[in-house]
Student: 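One structure follows; several queries about it will come next.
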Amino acid sequence: QVQLVESGGGLVQAGGSLRLSCAASGSIFSPNDMAWYRQAPGKQRELVATITNNGNTNYADSVKGRFTISRDNAKNTVYLQMNSLKPEDTAVYYCWGYYYTHYKNYWGQGTQVTVSS
């Protein structure tokens, strides 16, 4: 089993930046695809960004050009750099991973991001 733990959330003013981290532990010795999701109150969870085991990335249109997903395999950590933050980015952000040799996915517990006007 794999545990994913997010950190780096908090309160920031519009136009500011935050960097979220997702640290993996447990049975982590497997190739994996990772992603960040977010969920605002009363809304469905939406996909924000993905990164494959080999570093290919994709972004939701709403964050393209502002957010960057990256990974450091030596540290078993995935990052989400968020720049030019807007109030509509306010949500709980969740880390997700699919581990190839496990044939299963894992979710983190989420970290709150609040962007004030």
Side-chain angles (χ1 to χ4, degrees):
Q1 192 172 3
V2 170
Q3 295 79 46
L4 303 176
V5 179
E6 302 97 332
S7 62
L11 176 65
V12 65
Q13 295 184 45
S17 298
L18 285 173
R19 190 181 75 160
L20 306 183
S21 299
C22 173
S25 62
S27 300
I28 59 176
F29 304 109
S30 168
N32 54 80
D33 296 337
M34 306 295 294
W36 287 95
Y37 287 76
R38 67 185 181 186
Q39 187 167 25
K43 296 186 176 181
Q44 68 179 21
R45 192 169 298 184
E46 67 171 337
L47 180 62
V48 176
T50 63
I51 185 165
T52 69
N53 193 67
N54 295 128
N56 188 36
T57 60
N58 291 99
Y59 299 91
D61 287 342
S62 59
V63 307
K64 200 170 299 179
R66 300 188 298 121
F67 291 10
T68 303
I69 188 171
S70 61
R71 62 189 299 153
D72 186 338
N73 289 338
K75 296 182 177 179
N76 300 121
T77 301
V78 178
Y79 304 96
L80 185 67
Q81 178 67 46
M82 305 185 295
N83 299 326
S84 302
L85 282 161
K86 306 174 180 179
E88 50 263 45
D89 294 319
T90 295
V92 177
Y93 284 70
Y94 296 90
C95 183
W96 174 93
Y98 180 77
Y99 283 69
Y100 298 178
T101 63
H102 299 187
Y103 288 96
K104 66 185 297 182
N105 58 267
Y106 302 92
W107 288 95
Q109 83 289 349
T111 185
Q112 177 70 47
V113 172
T114 303
V115 184
S116 63
S117 301

Student: Is Leu4 reachable from Phe29 through a run of I, L, V, M, F, W or Y residues, each pair having side-chain heavy atoms under 4.5 Å apart?
Tutor: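 Same hydrophobic cluster.
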Student: Can you get from Leu85 to Tyr79 by hopping between Ile, Leu, Val, Met, Phe, Trp and Tyr side chains that sit under 4.5 Å apart?
Tutor: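 Shared cluster, no.
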Student: Side-chain contact, heavy-atom cut-off 4.5 Å: Tyr37 with Glu46?
Tutor: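 Side-chain contact under 4.5 Å: no.
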Student: Is there a continuous path of hydrophobic side-chain contacts, each under 4.5 Å between heavy atoms, that joins Val92 to Val12?
Tutor: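 No, no single cluster joins them.
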Student: Listed by chain and number, what are the salt bridge (charged side-chain N to carboxylate O under 4.0 Å, His left out) partners of Lys43, not counting sequence neighbours?
Tutor: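 Listed in chain order: nothing, the list is empty.
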Student: Enter the distance from Thr50:OG1 to Asn56:CG here, rounded to the nearest 0.5 Å.
Tutor: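 Nearest 0.5 Å value for the OG1-CG distance: 7.0 Å.
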Student: Could you tell me whether the side chains of Tyr100 and Asp33 share a donor-acceptor contact shorter than 3.5 Å?
Tutor: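 Judged by distance alone, the side chains do pair up.
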Student: Using the side chain to side chain contact (heavy atoms under 4.5 Å, CB included) criterion, which residues pair with Ala23? Sequence neighbours excluded.
Tutor: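 Residues passing side chain to side chain contact (heavy atoms under 4.5 Å, CB included) with Ala23: Thr77.
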Student: By ring pair (Phe, Tyr, Trp, His ring centres under 6.0 Å), which residues pair with Tyr59, not counting sequence neighbours?
Tutor: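 If we apply the ring pair (Phe, Tyr, Trp, His ring centres under 6.0 Å) test to Tyr59, skipping adjacent residues, there are no hits.
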Student: Should Met82 and Ser17 count as side-chain neighbours, where that means a heavy-atom distance under 4.5 Å?
Tutor: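 The answer is no, as the side chains (C-beta and beyond) never meet within the 4.5 Å cut-off.
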Student: Any salt bridge (Lys or Arg N to Asp or Glu O under 4.0 Å) involving residues 68-81? Give me the pairs, sequence neighbours left out, ordered by first then second residue.
Tutor: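 Every pair satisfying salt bridge (Lys or Arg N to Asp or Glu O under 4.0 Å) with a residue in residues 68-81: there are none.
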Student: Any side-chain heavy-atom pair from Val2 and Tyr99 closer than 4.5 angstrom?
Tutor: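 A side-chain contact exists here, since the closest heavy-atom pair is under 4.5 Å.
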Student: Would you mind reporting whether Trp36 and Phe67 have side-chain heavy atoms less than 4.5 Å apart?
Tutor: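 Answer no - side chains too far apart.
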Student: Pick out which of Asn53, Leu80, Val78 makes a side chain to side chain contact (heavy atoms under 4.5 Å, CB included) with Met34.
Tutor: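 Single pass found, and it is Val78.
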Student: Sequence neighbours excluded, which residues qualify as ring pair (Phe, Tyr, Trp, His ring centres under 6.0 Å) partners of Tyr94?
Tutor: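 Ring pair (Phe, Tyr, Trp, His ring centres under 6.0 Å) check on Tyr94 returns nothing, list empty.
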Student: Can you name the residues that form a side chain to side chain contact (heavy atoms under 4.5 Å, CB included) with Ala91, not counting sequence neighbours?
Tutor: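 Once residues adjacent in sequence are excluded, the partners of Ala91 under the side chain to side chain contact (heavy atoms under 4.5 Å, CB included) criterion are Arg38, Ala40, Tyr93.
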Student: Only pairs at least two apart or in different chains count here, so list each salt bridge (Lys or Arg N to Asp or Glu O under 4.0 Å) that has a residue in residues 107-117.
Tutor: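 Sorted pair list comes back empty.
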Student: Do other residues, nucleotides or ligands put more than 12 heavy atoms under 6.0 Å from Glu88 CD?
Tutor: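 It does: Glu88 CD has more than 12 such atoms within range.
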Student: Which pair of non-hydrogen atoms, one from Ser30 and one from Thr101, has the smallest distance, and what is that distance?
Tutor: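 Smallest heavy-atom distance, with atoms named: OG-OG1, 2.9 Å.
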Student: So, for Ala60 and Leu47, which heavy atoms are closest and what is the spacing to 0.1 Å?
Tutor: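 What the structure gives for the nearest pair is CB-O, 3.5 Å.
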Student: Can you list the residues that meet the side-chain hydrogen bond (donor to acceptor under 3.5 Å, both in side chains) rule with Ser7, with sequence neighbours excluded?
Tutor: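 With neighbours one apart ignored, the set is empty.
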Student: How far does CG of Leu11 sit from CG of Leu18, to the nearest 0.5 angstrom?
Tutor: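 Between Leu11 CG and Leu18 CG, I get 9.0 Å after rounding to 0.5 Å.
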Student: Got a sec, which residues hit salt bridge (charged side-chain N to carboxylate O under 4.0 Å, His left out) with Arg66, two or more places apart in sequence or on another chain?
Tutor: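 Arg66: salt bridge (charged side-chain N to carboxylate O under 4.0 Å, His left out) contacts with Asp89.
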Student: Enumerate the side-chain hydrogen bond (donor to acceptor under 3.5 Å, both in side chains) contacts for residues 106-117, please, sequence neighbours excluded, ordered by first and then second residue.
Tutor: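 For residues 106-117, and leaving out neighbouring residues, the side-chain hydrogen bond (donor to acceptor under 3.5 Å, both in side chains) pairs sorted by first residue read Glu6-Gln109, His102-Tyr106, Gln112-Thr114.
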Student: At what distance, to the nearest 0.5 angstrom, does CG of Asn83 lie from OG1 of Thr68?
Tutor: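 OG1 of Thr68 is found 6.5 Å from CG of Asn83.
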Student: With sequence neighbours left out, what residues match Asp61 under salt bridge (charged side-chain N to carboxylate O under 4.0 Å, His left out)?
Tutor: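 For Asp61, the residues satisfying salt bridge (charged side-chain N to carboxylate O under 4.0 Å, His left out) (neighbours in sequence not counted) are Lys64.
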Student: Going by the disulfide bond (SG atoms under 2.5 Å apart) test, which pairs reach into residues 21-92, not counting sequence neighbours?
Tutor: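 Counting only pairs at least two positions apart or across chains, the disulfide bond (SG atoms under 2.5 Å apart) contacts touching residues 21-92 are Cys22-Cys95.
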